[in-house]
Novice: 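Below you will find the structure I want to go over with you.
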Amino acid sequence: MKLQFYNSVTSEKEEFHPISNKEVLVYGCGPTVYHSPHIGNFRTFIFYDLLNRVLVQNGYTVKNVINITDIDDKIIDRVNNEDIGFNDLTQKYERIFLEQSDFLSILPSTVNPRASEYVSEMIHFIKSLMDKGVAYNINGNIFFDTKEYSKYGKFVNIDDDSLSREDNELGKKHSNDFALWKAWKESDGEITWTSDWGNGRPAWHTECAVLGTQLLGESIDIHCGGIDLKFPHHENESAQVEALLENQFANYWLHAEHLIFDSEKMSKSLGNTLSVSDLLKKYSPETLRLFLLSSHYRSKVSFSDKKLDDSSKMIDKINRFVNNFDLATIDVQDIKYSSSHLAFLDALNDDLNTPEALGIFFDFINKMNKNINNESMTEALKAESKIFINLFNSIFSIINPSLSKKGSIPKNIQDLASLREEMRNKSDWNEADKLRRKIENLGWLIEDTKDGQKLIQKK
RNA sequence: GGCGUCGUACCCAAGCGGUCUAAGGGAUCGGUUUGCAAAACCGCUAUUCGUCGGUUCGAAUCCGACCGACGCCUCCA
């Protein structure tokens, strides 16, 4: 199946055709660095990673940008009300974001530009919009004039100005008009930049518009973000670029649905967030990653401990399967995809259908386990398994190869295990069982197989 | 108020016009196996897809109404 994505602009799945065959250009809206990201934020970031990996799997080279929003009301608030400097605050949370991304096996982006490092470009961009007559100045605030851009409303149906419920205290001409530049206020303190129309700072929609065009160009392939950014953020972002450059900014707009907690979306402002760092105290990064990949990116997902437990069991099952093999010794001459492999790839190419792909992988595991059970594994099937395991992991990235290495079992565990083996040989079941319990309490499970004891670290 | 999305077994979750008496995971209960376990395997658990109508030779899948849940329109992944 050819790669296809659900495009939020048309509300339909569309076959993917990149602008250039050399390199696919992808922009994803990144974090605002004023707090530790929560698991809901990472649902979107893992979706970016999935997109990236599937593009690569399809043979594309990807250039992807995930920006760091470090100019923002909440950041200014914290800097002016707490004993912390602008750079200290923003770089601290930027670092946490990058560390946790790495933890969750998110491949690094090509660039993670900071908004604050492109302010002069933003000023230039805004000036061009004013020259073009699609932006106007009210007391040092610059607004985009939505009435001067006929295509406004690509993501929503708009018939009149009733769309916006916001109070128009700044004197915008039309209620859908939005800020490109916000004039300096006393509460901004020292956080300000100088422009032709006075001190102030760029507004959010302009930040992304400029970072996208600066780093990727005037036309990009895919723009993605959380569903809450669809309107107004992406509407406003694309309006600016398209009004100025008179071309289509992004060909495909993809949006990830929300993570729900207590039947509301998880968000900082609702105060119902779960930080990744807290969750990592209880669950492995692989578990979190699989949890986020085990439902489709466009469907709402409720958070629950039960689901994380289920994910953790899935990982156990996968690892047990992988542990049947000594992958390094399986010889794979030429990689030929079987029908299972192809079904897996088709599922991913069909708008990143990870749940279906997972199902196909588990089907395969069941099939192979049967073969293992009745000792009918052939070299060809082993090779097929190895190819599938690698293929699966190149997308899901939840199999930790170190778990299958013998050397990683601590000495004291190995000693207890061999003692238990001794007791078993003497048929001293009581003592053997006592040792098994002891080993379990130390975090290792024992499975007695034909080839002797097998030790597995508990997740 | 305007604009959207969703409702599949005990739980989670694919399927989006025929191969669906509905994939896959978790859970339960039987069985094979095991010193006992664990794991693995086999079997059972939705003739049914929120409800009611309609279109069609044929609908979980399309259309309409209703019920229920959620999102956006304000910062938000």
Side-chain angles (χ1 to χ4, degrees), chain A residues 8 11 13 28-32 34-35 37-48 66 69 72-74 77 153 155-160 162-167 175-176 204 224-233 235 255-260 263-270 273 290-291 294-296 298-302 304 306-307 309-318 320-321 323-324 343 347 350 353-366 368-374 424 427-430 432-433 436-437 440 445-450 453-454 456:
Chain A
S8 292
S11 300
K13 279 189 204 169
C29 290
T32 303
Y34 75 104
H35 68 85
H38 55 75
I39 185 74
N41 296 323
F42 267 101
R43 181 175 190 201
T44 298
F45 302 143
I46 286 204
F47 152 67
Y48 294 171
I66 295 176
T69 301
D72 166 87
D73 287 351
K74 283 169 188 142
D77 259 20
F155 291 117
V156 280
N157 297 322
I158 304 174
D159 351 337
D160 56 37
S162 65
L163 192 68
S164 179
R165 300 187 312 197
E166 177 190 15
D167 292 335
S175 64
N176 288 330
W204 182 36
C224 38
I227 186 94
D228 49 350
L229 302 188
K230 191 158 95 172
F231 190 91
H233 183 237
E235 183 76 55
H255 292 103
E257 251 297 350
H258 282 310
L259 188 65
I260 307 293
S263 35
E264 279 179 315
K265 75 164 176 170
M266 187 178 286
S267 87
K268 200 75 185 161
S269 42
L270 292 169
T273 63
L290 183 59
F291 160 64
S294 58
S295 45
H296 188 90
R298 279 191 294 110
S299 60
K300 294 179 189 55
V301 171
S302 292
S304 76
K306 164 83 166 65
K307 287 191 196 176
D309 291 339
D310 286 354
S311 297
S312 162
K313 282 173 190 158
M314 278 192 229
I315 292 191
D316 288 344
K317 183 165 180 163
I318 292 168
R320 264 186 249 111
F321 172 68
N323 271 248
N324 284 310
D350 183 10
N353 195 335
T354 47
E356 191 180 334
L358 246 192
I360 291 162
F361 186 56
F362 274 108
D363 258 347
F364 180 80
I365 290 181
N366 291 150
M368 288 307 123
N369 275 337
K370 255 167 246 179
N371 286 320
I372 292 168
N373 249 20
N374 49 37
R424 290 186 71 222
S427 298
D428 187 348
W429 310 124
N430 238 319
D433 290 351
R436 179 165 63 196
R437 252 173 277 130
E440 275 181 27
L445 295 175
I446 290 193
E447 290 178 11
D448 293 324
T449 69
K450 279 192 294 296
Q453 293 181 320
K454 205 153 112 190
I456 296 152

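We name chains A, B, ... by the order of the sequence lines, and we start the count at 1 in each one.
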Novice: Taking the side chain of A:N353 as its heavy atoms from C-beta onward, which of B:A14, B:G4, B:A77 lies nearest to it?
Specialist: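 When the side chain of A:N353 is considered, B:A14 is the closest of B:A14, B:G4, B:A77.
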
Novice: Kindly say if A:S299 contacts the phosphate of B:A14, meaning a side-chain N or O under 4.0 Å from OP1 or OP2.
Specialist: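 True: A:S299 side-chain N/O within range (under 4.0 Å) of B:A14 OP1/OP2.
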
Novice: Would the base of B:C36 count as contacting A:R436 through its side chain, where contact means a donor and an acceptor less than 3.5 Å apart?
Specialist: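 Pair found.
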
Novice: Looking only at atom types and distance, does a side-chain atom of A:N324 sit under 3.5 Å from a main-chain N or O of A:F321, one as donor and one as acceptor?
Specialist: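 Looks like yes, one N/O pair under 3.5 Å.
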
Novice: Return yes if the base of B:A40 and the side-chain atoms of A:R320 contain a donor-acceptor N/O pair under 3.5 Å, otherwise no.
Specialist: no

Novice: Can you check the distance between B:C20 and B:A60, where both ends of the measurement are the P atom (answer in whole Å)?
Specialist: 12 Å

Novice: Starting the side chain at C-beta, find the nucleotide from B:A38, B:C36, B:A40 nearest to A:E447.
Specialist: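 That would be B:A38.
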
Novice: Suppose you measure atom P in B:C12 against the same atom in B:G64; what distance do you get, rounded to whole Å?
Specialist: 28 Å

Novice: If you go through the side-chain atoms of A:K307, does one of them form a donor-acceptor pair with the base of B:C12 closer than 3.5 Å?
Specialist: no

Novice: Considering only B:C73, B:A77, B:G35, which nucleotide approaches the side chain of A:L259 most closely?
Specialist: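 Looking only at side-chain atoms, A:L259 lies closest to B:A77.
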
Novice: Tell me, please, which residues at least two apart from A:D448 pass salt bridge (charged side-chain N to carboxylate O under 4.0 Å, His left out).
Specialist: A:R420, A:R424

Novice: Show, in sequence, the C-alpha distance, side-chain angles and deciding distance for A:K313 and A:D309, and conclude whether the salt bridge (charged side-chain N to carboxylate O under 4.0 Å, His left out) test is met.
Specialist: CA-CA 6 Å; A:K313 282 173 190 158; A:D309 291 339; over 6 Å; no

Novice: Give one of base, sugar-phosphate or nothing for A:I446, where a contact means two heavy atoms less than 4.0 Å apart.
Specialist: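 Base contact - A:I446 has a heavy atom under 4.0 Å of at least one base atom.
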
Novice: Between A:H255 and A:F155 (judged by ring centroids, cut-off 6.0 Å), do the two rings come close enough to count as a pair?
Specialist: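 That pair passes the under 6.0 Å test.
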
Novice: Counting Watson-Crick and G-U wobble pairs with both distances under 3.5 Å, what is the dot-bracket string for RNA chain B, 5' to 3', using [ ] for crossing pairs and | for pairs to another strand?
Specialist: ((((((((.[[[..)..(.....]]](.((((.......)))).)....[[[[[..)....]]]]])))))))....

Novice: Taking the minimum atom-to-atom distance to the side chain of A:T44, which one of B:C73, B:G71, B:A77 wins?
Specialist: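 For the A:T44 side chain, the nearest candidate turns out to be B:A77.
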
Novice: If the P atom of B:A46 is compared with that of B:A23, how far apart are they to the nearest Å?
Specialist: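 The answer is 11 Å between these two P atoms.
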
Novice: Does A:H296 reach a base, just sugar-phosphate, or nothing at all? Heavy atoms under 4.0 Å.
Specialist: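 Contact class for A:H296: sugar-phosphate only.
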
Novice: Are A:E257 and A:R298 within salt-bridge range, i.e. N to O under 4.0 Å?
Specialist: no

Novice: Sticking with atom C1', work out how far B:U34 lies from B:G26, rounded to a whole angstrom.
Specialist: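 Rounded to whole Å, the distance is 24 Å.
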
Novice: Please report the distance separating the P of B:C11 from the corresponding atom of B:G50, rounded so that it comes out in whole Å.
Specialist: 14 Å

Novice: C1' atom, B:A9 versus B:C29: distance in rounded Å?
Specialist: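 Here B:A9 and B:C29 have their C1' atoms 16 Å from each other.
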
Novice: Classify A:G40 by what it touches in the nucleic acid, base, sugar-phosphate, or nothing, heavy-atom distance under 4.0 Å.
Specialist: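 Base contact - A:G40 has a heavy atom under 4.0 Å of at least one base atom.
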
Novice: Between protein and nucleotides 17-25 of chain B, map the contacts as a letter string: B base, S sugar-phosphate only, - none, heavy atoms under 4.0 Å, written 5' to 3'.
Specialist: ------BSB

Novice: Taking salt bridge (charged side-chain N to carboxylate O under 4.0 Å, His left out) as the test, write out the residues that go with A:K268, two or more places apart.
Specialist: none

Novice: Checking all strands, does A:L229 fall into the base, sugar-phosphate, or nothing category for heavy-atom contacts under 4.0 angstrom?
Specialist: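 A:L229: backbone/sugar contact only, no base atoms under 4.0 Å.
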
Novice: Answer yes or no: is there an ion pair linking A:R436 with A:D433, defined by an N-O contact shorter than 4.0 Å?
Specialist: yes

Novice: Between the base of B:G26 and the side chain of A:D309, is there any donor-acceptor pair under 3.5 Å?
Specialist: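 Answer no: no donor N or O sits under 3.5 Å from an acceptor.
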
Novice: Answer with base, sugar-phosphate or nothing: what part of the nucleic acid does A:T32 contact at a heavy-atom distance below 4.0 Å?
Specialist: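 Answer is sugar-phosphate: A:T32 comes under 4.0 Å of backbone atoms only.
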
Novice: Does A:S427 reach a base, just sugar-phosphate, or nothing at all? Heavy atoms under 4.0 Å.
Specialist: nothing

Novice: Base, sugar-phosphate, or nothing for A:L270, non-hydrogen atoms under 4.0 angstrom?
Specialist: nothing

Novice: What residues, two or more places apart in sequence or in another chain, satisfy side-chain hydrogen bond (donor to acceptor under 3.5 Å, both in side chains) together with A:D428?
Specialist: none

Novice: Please report the distance separating the P of B:G2 from the corresponding atom of B:C66, rounded so that it comes out in whole Å.
Specialist: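 Taking atom P in both B:G2 and B:C66, they lie 13 Å apart.
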
Novice: Indicate yes or no for a side-chain donor-acceptor contact from A:H258 to the backbone of A:I260 under 3.5 Å, with no hydrogens or angles considered.
Specialist: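 Not confirmed, A:H258 side chain does not pair with A:I260 backbone.
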
Novice: So, using side-chain contact (heavy atoms from CB on, under 4.5 Å) as the criterion, who are the partners of A:K370 when residues are at least two apart?
Specialist: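 Applying side-chain contact (heavy atoms from CB on, under 4.5 Å) to A:K370 gives none.
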
Novice: When rounded to the nearest Å, what value does the distance between P atoms of B:U45 and B:A39 take?
Specialist: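 It works out to 23 Å between them.
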
Novice: Less than 4.5 Å apart, any side-chain heavy atom of A:R43 and any of A:S295?
Specialist: yes

Novice: Within less than 4.0 Å of OP1 or OP2 of B:C41, is there a side-chain N or O belonging to A:N369?
Specialist: yes

